Each structure stands twice: as C-alpha cells, then as structure tokens.
Protein chains: 2
Amino acid sequence: MPHRRPPTAITLKDLARDLGMSVATTGRAFHPGAVIAPATRARVLERALALGYRPNALAQGIITGHTRIVGVLLSDLLNPFYPEALARLTEAVQQAGFNVMLLVASPAQPVEEALRLLLSYHPEFIIILATSLAGEAAGACQEAGTPVLFLNRHSADPRAHAVICDNRGGAAQVADHLIDGGARRLGFIGGQPGTSTNAERAEGFRARCLARGLPPPLELEAGAFTYQAGYDAALRCLGGPGRPEALFCASDILAAGAMDAARLRLGLRVPEDLAFAGFDDIALASWPSYDLTTLRQPLRRMIELAVEWITRSARGEPLPGGIERIPGELVPRRSSARPADTVLETPF
Amino acid sequence: MPHRRPPTAITLKDLARDLGMSVATTGRAFHPGAVIAPATRARVLERALALGYRPNALAQGIITGHTRIVGVLLSDLLNPFYPEALARLTEAVQQAGFNVMLLVASPAQPVEEALRLLLSYHPEFIIILATSLAGEAAGACQEAGTPVLFLNRHSADPRAHAVICDNRGGAAQVADHLIDGGARRLGFIGGQPGTSTNAERAEGFRARCLARGLPPPLELEAGAFTYQAGYDAALRCLGGPGRPEALFCASDILAAGAMDAARLRLGLRVPEDLAFAGFDDIALASWPSYDLTTLRQPLRRMIELAVEWITRSARGEPLPGGIERIPGELVPRRSSARPADTVLETPF
DNA sequence: ATGAAAGCGCTAACAG
DNA sequence: CTGTTAGCGCTTTCAT
C-alpha cells in the first residue's frame, strides 16, 4: 500500500477551523441528542452542507463500536427467491440507517475466508440468506461475538436465531388444497438435501397426507433449488407408471422446471393431467405461462422482524432468541385448478 | 448511542502485550512488504491465529485511506440480469480482496440519501449496475472524489467511466440473424426509455435493417425492463394487422413476457408465426419453455475489466477513462429457428 | 530489526 | 453550553 489517501476529503477538524470552533462542539452538531446551542448547530450544519462535509463512518465505528454495517451472506443468487428477498431486505436495512455488506459464497471461494474479511469491518449483525452455509458461517460469527440471524432457513446451532416461514404449516395447506382438488396420488419434489426448508416442507406435506387418510406421497430429491434440477426430477418422477396426480415442489423455481418437463417433454396437460404447486411465490409464479399455485412466503413480515432484531441488537438489547415461524399464505392459481373450476382472475 | 463496544474484540495492543513486543512490530507482521524478521513474523501470526486476532479494517481504512470497500448501486433486482451480474461481480470483487457494500435504490427511498450514507464509509470505488440512476448518483460521487464505473450502462457525464456490451453491434447481429431467417417485417420492443442500453439497441437494430434494404422496424416502448411490460407491449404490437414476422426485444425478460403474450393470449406459434430474439442471455433464455435466441452479454469479460479498474484505481493509477465496449455473442435458439431448420441442440 | 511517538478522524469524559 | 484532553485500533515516520 504505497501512498496515503489522495483525494483527502474534508474533515471535522477542517470544518471546525473554518467555523472557528473546537472540534468537540462542531462534532456535537451531528448528534441529535448532544448538548449544543440550537443556533450553533444550525451554523455548523449549514457550513457542513456548503462544504460537503459528512462524518467519517469508519472513525465513528471505531470509537462507538457501532459500525452500522449489516453483513448479508448469500449463496444462491440463481434461485429468484433470493434476489427478491435481498432487494427488499436491503431496502429495509437502509431505511433503518444501516448499510449492507454483501458476501456471495461460491464454489470457487470458500465462505470462511470471505467471512473473515467481512468480520474485520465489525458488522453489528450478520444475516444469512441462503439455503446452505449454515454451520460454517455461524461458528466464525459467534466467535467474533457478532449476532447471527438466519432468514428463511435455520441451522442446528441453538445459539443462532432465525426468522422463517412456517414451512410445515404451509406445506400442509398445500396438501389440503391439492387433496381438496381431488388428487389422491400425491408427489413431492425436494430441493437441496439437508436444508431445513426442504425437510420441513416434506414433513408437513407428508404428515397432512397421512392425516387425511392418504398413502404417503411419492418423494423425490431434485438435489438443488434450480430450474434444471426440477426439470430432471420431474422426468424421473413422471416417466413411469402410476404417476402422481398432483406434484408439490419445495420451491417455485423447482416447480417451473418440473412443469416444463411435464408439459413440453412428456406432453401432459396442467392441471388436467397433473396439478402443480410450489413454494415462495416468486415473480414467475404469477406469469401466465406458469400461473402457479404456491405458498407465498411472508417476506414483508420476515424482513420487518429481522430489521427489528438488528436495531434492537444495535441498542444493546439482548435478542429474544429462538426461531420465529411466520405463517405463509396459499395462493391458488391455475396450475392446480380443478377441471370444473373457473379461475376468475386470469392473470394480466 | 448509549454504550461502548460490548464484546470488545481482541486488539493489536492485546496481541502485542501477549507476545511481549511493541505494537509496531506486531503490526508489521501483517504487512507482506514490511521489514520484520521472518521468525518474529511467524511467532506473531501463529499467536494471532490462536487468539483469533484480525486487524480492524476500519482502523486500517482511516489511516491508509484504503478501505477496500467497493460500493455497488442497484436499482432493479427484478430483471434477472442484475442478480446474475451482481453475483458474479461480487464474487470477483471478493476474490480481489475487496468487500461489496450494496445499495438498492427503490421508489420509496431516494438514492441520494442512501448514497451519502454509503459514501461516509469512503468506498474506494463505486459501480453502478442499473438501468437508471445515472446522473443523480454520479454527481455525488465525483464530489466525494470517488471514481465511478457504470456497468452495462453509461451516462452522459463524460467524467464517468463505463464498461458495456457493444449494444449497437449486438443488435445488428440480431437483425442480420432475423433477416437471414427470412423475416422482412421486423419489430423492436424497447424497455425503459432514456437508458443507453435501450437507445443503442434500438439504433443498432434499425440501422442494420435499413442497411439491408428493409423498411425501418416497427418500434415500441414497453416502458420498463420487466416481464409485464413486455407482455403488454406485445399485445399492443401484435394485435393489429400487418404484424411483424420477427420481434427483437431489448432484453430477455421483456422477450419472455412478449412471447407469452403472443403464444398464450394471441395464439401465435413461435417461431412459425413469429420469431423472437432477446438480449442478455439470462438463465431463462435457455429454458425449454422459452428457448430464446439472444445476444449474450460478455459478462465475464466486463466484470474482469471492472475489477481490473478497481485494483488499479486502488493502487493510485489513474483510470484509462472513456467507455469500453465489448462485443457480445449471438446465441441462436429455437425462438428464431426457420421452419426448415433442425435445431440440433434441443435444450436439456 | 525493533520500539517510541505522533497521528488518522472522530467521540467521550471532564472542566469551565 | 463550549473547549480541553484522552483515546479508539491501527500505521508510519524516526530513532535506536
């Protein structure tokens, strides 16, 4: 690192000198609670605006221990659910006066190393928004004393907090809906094995099938939450005899792939030959080409809660702890409509 | 801000005391170039690892003026091109040893204010990855002396640098392809008005049509780079008589919407009744349900260049400046195949 | 090769 | 209400 800050910005000292005041007083103008004469504050702020002065957040962070940085970990930006969640989360975090430092995990780069880099900025909070990444990350954060919140996912680690959709309950709603629609042979396509979302959605679906007196659904693991995985899984699942009459996919993107395989490759009609349901309610689910029945995740509420925890934690309050499960909402669409049903709201 | 850092992490002073050395020497162990006995460095690093010490990036940032923070501005995470680009950009930036601070603009929150917050962390570089956001943002950054790079877009501001796809050339390739396919009446659907991507793609397309001796294409503005906008625009464009034989949409997501409108609402066959082409090559373009001919953006190269500029700028080298245009690649798929064509590579 | 000391930009006691 | 002083965690002369 050869040289020092070249375009050295205007500093508090500069501003103070310009105003003929001490740095202390000048600095106080920028803190709402501080004791300072209103007139003085006004003078300072006006001059600051004119000179384009802004307090250096790094310096503030060092001293106060409050960096107002929130780290967000992402592993899978290709499942459209995550970009949608990221966008809304980031907006909310910004709204609350924090900044998001983004960390994208990839096969190429181990999370561990990137996470250490992130932690060296002393984020006040880490949000893990990813299907995987559970244990590896959480450990390092705890070590650094940084609170961690899982969004849409939870880890086995009991110290970690989580805000998630009620996956079991949601899956049960989907089961009820499909069964009420007349389906008797049900199927489930899972995404990435070993994730809580996957396991809970499978469980909830299976349990409700049994509770309604049906045999357990045919269960299949696609291997990942991707379009391609859904496509391939559907071919395996629907190719043979005794195919299900309704297929619940653990996420919308999986359902999109599966539906396309069913229609374009196997020539099945949806929903006449085969009903479909997904989970998440991503944008694509409402497109006329899919018009996919799904369980909408309560993203707004989930994010509200996450931000509430961030701000609380920043105020030094201890976190309530545990896992917060928020119920989702079933959105019935054409992909699971009964032949007789008139779907009132044709999209677009 | 009532209290001071509660879980106060281990600091360089602590580490030095533990080792019985001065902070100066201890600190030097973490700088590859510094003069320090190899044995001493080894001892320090070993102990640091054991105690979990990591230099505080904020403090380093203040002193050296190098924060190793790259700000990324995003306005539109709902066009799938941007999440894909963001993921790859972030990975590359991390790889280069920087951290991404993400800023998402939304109608609710003006960019201006959020940008000021971001700038207070003194990022070394700002990348604008967005259809809009041009002027507002660039100004504030220049003011702060932070170099700005537009990715996939450029502004009128001559001081800003940009790395973009050769939109005109790409659109011309698409025109050639569609014309070679036998189309004579061509149409163009644009996205968000006033963006450089939009304008250049329209121009390139139109120019090539004229150069090939065809009348100028029917041009339509969808208003935004979204599925819905594409859907609606297609209805307007294809409803009347004399509809085009081939439609070039300024982005894939627009094309997806337009194609669905054509097929599902108007009952047209693609490509028999109407050929389609898009721009970007997002994931969806290769799905069997769209199988969309498109112009693939040279994302890898674009990002390589961006990262190169970041690292150079961090080393204090002045930026080469201007707009770097990288050619894209035509990816012919079924959406524009001639009836006679045998599409060899059926997807999946 | 190492250490002492000054200082980055800022906040937080403490006087006055 | 304002200014002085100390110091956050670190880097960087400048001596030794």
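Every value quoted in this text rests on a predicted model; they were computed, and no experiment measured them. A note on names: the letters A, B, ... follow the listed sequences, proteins ahead of strands, and every chain is numbered from 1.
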Contacts of type side-chain contact (heavy atoms from CB on, under 4.5 Å), residue T11(A), not counting sequence neighbours: K13(A), D14(A)
Residues forming a side-chain contact (heavy atoms from CB on, under 4.5 Å) with E304(B), sequence neighbours excluded: R300(B), R301(B)
Rounded distance in Å - OH (Y121(A)) to P (dC10(D)): 14 Å
Distance, rounded to the nearest Å, where I63(A) contributes CD1 and dC10(D) contributes P: 14 Å
ring-ring contact (aromatic ring centres under 6.0 Å, His included) contacts touching residues 94-113 of chain B (sequence neighbours left out): none
Whole-Å gap separating C1' (dC8(D)) and CG (L12(B)): 13 Å
What protein N or O atoms touch nucleotides 4-6 of chain D N or O atoms at under 3.5 angstrom, if any, and at what distances?
none

Extract all donor-acceptor atom pairs below 3.5 Å that involve side chains of residues 114-123 of chain A and protein atoms in other chains or at least two apart in sequence.
unit_1	atom_1	unit_2	atom_2	d
S120(A)	OG	L117(A)	O	2.6
Y121(A)	OH	T67(B)	O	2.5
Y121(A)	OH	R68(B)	O	3.2

Short side-chain N/O contact to dC10(D) OP1/OP2 from T11(B), under 4.0 Å: yes
Counterpart residues, side-chain contact (heavy atoms from CB on, under 4.5 Å), relative to T25(B) (two or more places apart): M21(B), S22(B), R28(B), I36(B), T40(B)
Pairwise 5' ranking along DNA chain C for G27(A) and K13(A), keeping only the more 5' one: K13(A)
Residues forming a side-chain contact (heavy atoms from CB on, under 4.5 Å) with E91(A), sequence neighbours excluded: V104(B), S106(B)
d(CD1, I62(B); P, dT11(C)) in whole Å: 10 Å
Estimated bend of the helix from dA1(C)-dT16(D) to dG16(C)-dC1(D) (axis per five terminal pairs, rounded to 10 degrees): 40°
H122(B) NE2 - dC8(C) C1' separation (whole Å): 11 Å
Shortest side-chain distance from N56(A), nucleotide among dG9(C), dC10(D), dG3(C): dG9(C)
Length of the CE-P vector between M21(B) and dA1(C), whole Å: 14 Å
Results of salt bridge (Lys or Arg N to Asp or Glu O under 4.0 Å) for R47(B) - residues two or more places apart only: D18(B)
From CA spacing to verdict: side chain to side chain contact (heavy atoms under 4.5 Å, CB included), L86(A), L74(A): CA-CA 9 Å; L86(A) 175 65; L74(A) 225 58; 3.8 Å; yes
Between P of dC8(C) and CD1 of I10(A), the distance in whole Å: 15 Å
Set of side chain to side chain donor-acceptor pair (under 3.5 Å) partners for T311(A), sequence neighbours left out: none
Integer-rounded Å distance: dG9(C) P and R17(A) CZ: 11 Å
For DNA chain D, the residues among residues 35-53 of chain B that have a non-hydrogen atom under 4.0 Å from it: Y53(B)
Side-chain N or O of Q60(A) closer than 4.0 Å to phosphate OP1/OP2 of dT11(C): yes
Evaluation steps, side chain to side chain contact (heavy atoms under 4.5 Å, CB included), between V72(B) and L103(B): CA-CA 6 Å; V72(B) 174; L103(B) 208 58; over 6 Å; no
R312(B): partners by salt bridge (Lys or Arg N to Asp or Glu O under 4.0 Å), with sequence neighbours left out: E308(B), E317(B)
Worked verdict on N152(A) versus Q297(A) for side-chain hydrogen bond (donor to acceptor under 3.5 Å, both in side chains): CA-CA 9 Å; N152(A) 183 43; Q297(A) 292 221 43; 3.1 Å; yes
